[in-house]
Amino acid sequence: MNDEINPEILKLSEMLATGKEPPTDLGEWDAGDDDYPIPPRHWLLGNVFCRRFVSSVIADGGTGKTALRVAQALALATGCNLTGEYVFQRCRVLLISLEDDKDELRRRVKAAMLHHDISEADIKGWLFLAAPGSSAGKLMTLDTKGRPAIAGLAAALKRTIEHRKIDFVCLDPFVKTHGLSENDNNQMDQVIELLANLAIERNIAIDVPHHTAKGGATPGNADRGRGASAIKDGGRLVYTLTTMSEDEAERFGVPVADRRLYIRMDSGKVNITPPAAAAKWFKLVGVPLGNGNDLYPAGDNVQTVEPWAAPETWEGLTDDLVNRILTDIDAGMPDGERYSDAGAATTRAAWKVVQKHAAKKTEKQCREIVAIWVKEGLLLKETYHSPVDRKDREGLHVDDMKRPGKVT
């Protein structure tokens, strides 16, 4: 499944990974001679996993990040859209649990398979599981002189990737992958660099789910991750996973008692593609495994996830439709005035632009859509000089970097 790897990149990655001295020159080239085709990034699943890049999802314990990653891993291994995210190509997946034992990992995977109607035959040769515990060691530890050094897990991981021809690896959770100081930026940078070099060397995607620090969770805030900022800075595709808030439950008509079953994934630091304009929602679903016995007749009920769409207000708002609405808002009015989200706005009311393109939406729904776009920074309030009233007013502009769109 792996595409051919540039031998120069491979050579340099091996040198960096082994600590060998790199070449004295930089390998520079004349951009004026650079007229050969540039290959596209090798996306695997939506804009979440990509070859040669390290990804992560940051969440509080018990939010559902492992359930999400198991379902996404199954989507890649089967080539089927199980999570509402486009599968670019079927992949050989290595799912490594460094927190749960073998049986618990099997339970989690089985729950997802049962819920999504996947058989063992569907994933044979495509999904590989490991729960090595402490026996596998760490990617990096401190040597006898207190210096970071590559350890046993790194070699075992590389051998397994080569042997199984793996395309995607998930190491869950990040904190269990190393024996270094989590608050030391230099040490954390070395762990992330090791993973990034391995991703380049083997032309694979690597994912390391990560825990949040203590305190309230904020959707899209990648700085909420535990430990040094190098953990977040070293990844290229970092998302947050948070439980539905009480305000969101009220807005979506979800009983407050059930809100913890709904989780949102937001772009936290996605610096190789524009962040999504809106959160991706999932619902946690309990799945009976049917594994009862005389002592435990009920057996286990284990969570997995399924995609969930916010009802009514957001229904039917495709990326194409949203972008047409945004383009009209950004263009402003024929007389040079700009649209406004103010509740008292009349002719400049931005909600009317939404309704012009989505005629079935009510005024309340259109106002809510505009309010969310403003809150998420997709629509920005900026001061401009009104050509009609000849005074400064506040109007809306679009942050083009946050527009939704299919990754290409």
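Computed over heavy atoms, backbone and side chain alike; hydrogens, waters and symmetry mates excluded. Along the sequence shown, residues are numbered consecutively beginning with 1.
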Q. Between E376 and R264, is a salt bridge (charged side-chain N to carboxylate O under 4.0 Å, His left out) present by the stated rule, with each step listed?
A. CA-CA 14 Å; E376 293 185 346; R264 58 179 292 170; 3.5 Å; yes
(Q) Let's go through V208 and V54 carefully: what are the C-alpha distance in whole Å and the side-chain angles of both, what is the deciding distance for side-chain contact (heavy atoms from CB on, under 4.5 Å) to 0.1 Å, and is it a yes or a no? (A) CA-CA 8 Å; V208 281; V54 176; 4.0 Å; yes
Q) Does a side chain donor of either K65 or H210 reach within less than 3.5 Å of an acceptor in the other side chain? A) no
Q. T304 side chain to A111 main-chain N or O, any donor-acceptor pair under 3.5 Å?
A. no
Q) Looking only at atom types and distance, does a side-chain atom of Q187 sit under 3.5 Å from a main-chain N or O of S181, one as donor and one as acceptor? A) yes
Q | Distance, nearest 0.5 Å, that separates CG of L76 from CG of L45 | A | 5.0 Å
Q: Determine yes or no for a side-chain-to-main-chain donor-acceptor pair under 3.5 angstrom, with H116 supplying the side chain and I118 the backbone.
A: no
Atom pairs and distances, donor-acceptor, side-chain atoms in residues 93-100, under 3.5 Å, two or more places apart:
{"residue": "S97", "atom": "OG", "partner": "D100", "partner atom": "N", "Å": "3.0"}
{"residue": "S97", "atom": "OG", "partner": "D100", "partner atom": "O", "Å": "3.4"}
{"residue": "D100", "atom": "OD2", "partner": "R108", "partner atom": "NE", "Å": "3.0"}

Q | Audit row: D172, R69, salt bridge (charged side-chain N to carboxylate O under 4.0 Å, His left out) steps and yes/no | A | CA-CA 9 Å; D172 184 20; R69 282 318 198 222; over 6 Å; no
Q) With distance as the sole test, does Q365 use its side chain to make a donor-acceptor pair with the main-chain N or O of T362 at under 3.5 Å? A) yes
(Q) With salt bridge (charged side-chain N to carboxylate O under 4.0 Å, His left out) as the test, pick out the partner of D341 among R367, K381, R348, K352. (A) K381
**Q.** Spatial distance of atom CG (L198) from atom CG (N203) [nearest 0.5 Å]
**A.** 11.0 Å
**Q.** Donor on one side chain, acceptor on other, H397 and R338, under 3.5 Å
**A.** yes
Q. According to the salt bridge (charged side-chain N to carboxylate O under 4.0 Å, His left out) rule, which pairs have a member within residues 174-187, sequence neighbours left out?
A. E182-R226
Q | Derivation and outcome, side-chain contact (heavy atoms from CB on, under 4.5 Å), residues L44 and Q89 | A | CA-CA 6 Å; L44 300 180; Q89 66 176 118; 3.7 Å; yes
Q. Looking at the rings of Y262 and W308, which for Trp means the six-membered one, are their centres under 6.0 Å apart?
A. yes
(Q) Tell me whether the rings of Y86 and F88 are parallel (<30°), tilted (30 to 60°) or perpendicular (>60°). (A) perpendicular
Q: For the pair R393 and E382, find out whether any cationic side-chain nitrogen is under 4.0 Å from an anionic carboxylate oxygen.
A: no
**Q.** Donor-acceptor contact present, side-chain D258 to main-chain P255, <3.5 Å
**A.** no
**Q.** E120 with R106: basic N within carboxylate O range, under 4.0 Å
**A.** no
Q: For D392, look at atom CG and say whether over 12 heavy atoms of other residues, nucleotides or ligands are found less than 6.0 Å away.
A: yes
**Q.** Ion pair R159/E162, N-O distance below 4.0 Å
**A.** no
**Q.** Donor-acceptor contact below 3.5 Å, side chain D266 vs main chain T240
**A.** no
Q.
If you apply the rule side chain to side chain donor-acceptor pair (under 3.5 Å), what do you find for S340 with E394, and how did you get there?
A. CA-CA 7 Å; S340 169; E394 192 175 70; over 6 Å; no
Q: Answer yes or no: does atom NZ of K356 have more than 12 heavy-atom neighbours from other residues, nucleotides or ligands under 6.0 Å?
A: yes
Q) Between the side chains of E363 and Q355, is a donor N or O closer than 3.5 angstrom to an acceptor N or O? A) no
Q | Polar side-chain atom of R92 near backbone of W126 as donor-acceptor pair, under 3.5 Å | A | no
**Q.** Pairs where residues 335-367 contributes a residue and the test ring-ring contact (aromatic ring centres under 6.0 Å, His included) is met, not counting sequence neighbours
**A.** none
Q) How many angstroms lie between atom CG of D400 and atom CG of D330, to the nearest 0.5 angstrom? A) 6.0 Å
Q. Do the side chain of D60 and the main chain of T63 share a donor and acceptor less than 3.5 angstrom apart?
A. no
Q: With side-chain contact (heavy atoms from CB on, under 4.5 Å) as the test, would you mind laying out the steps for V287 and Q303 before giving the verdict?
A: CA-CA 6 Å; V287 181; Q303 284 186 332; over 6 Å; no
Q: Could you tell me whether the side chain of N197 and the main chain of E193 form a donor-acceptor pair under 3.5 Å?
A: yes
Q.
Determine whether a donor-acceptor pair (N or O, by modelled atom type, separation under 3.5 Å) exists between the side chain of R90 and the backbone of A77.
A. yes
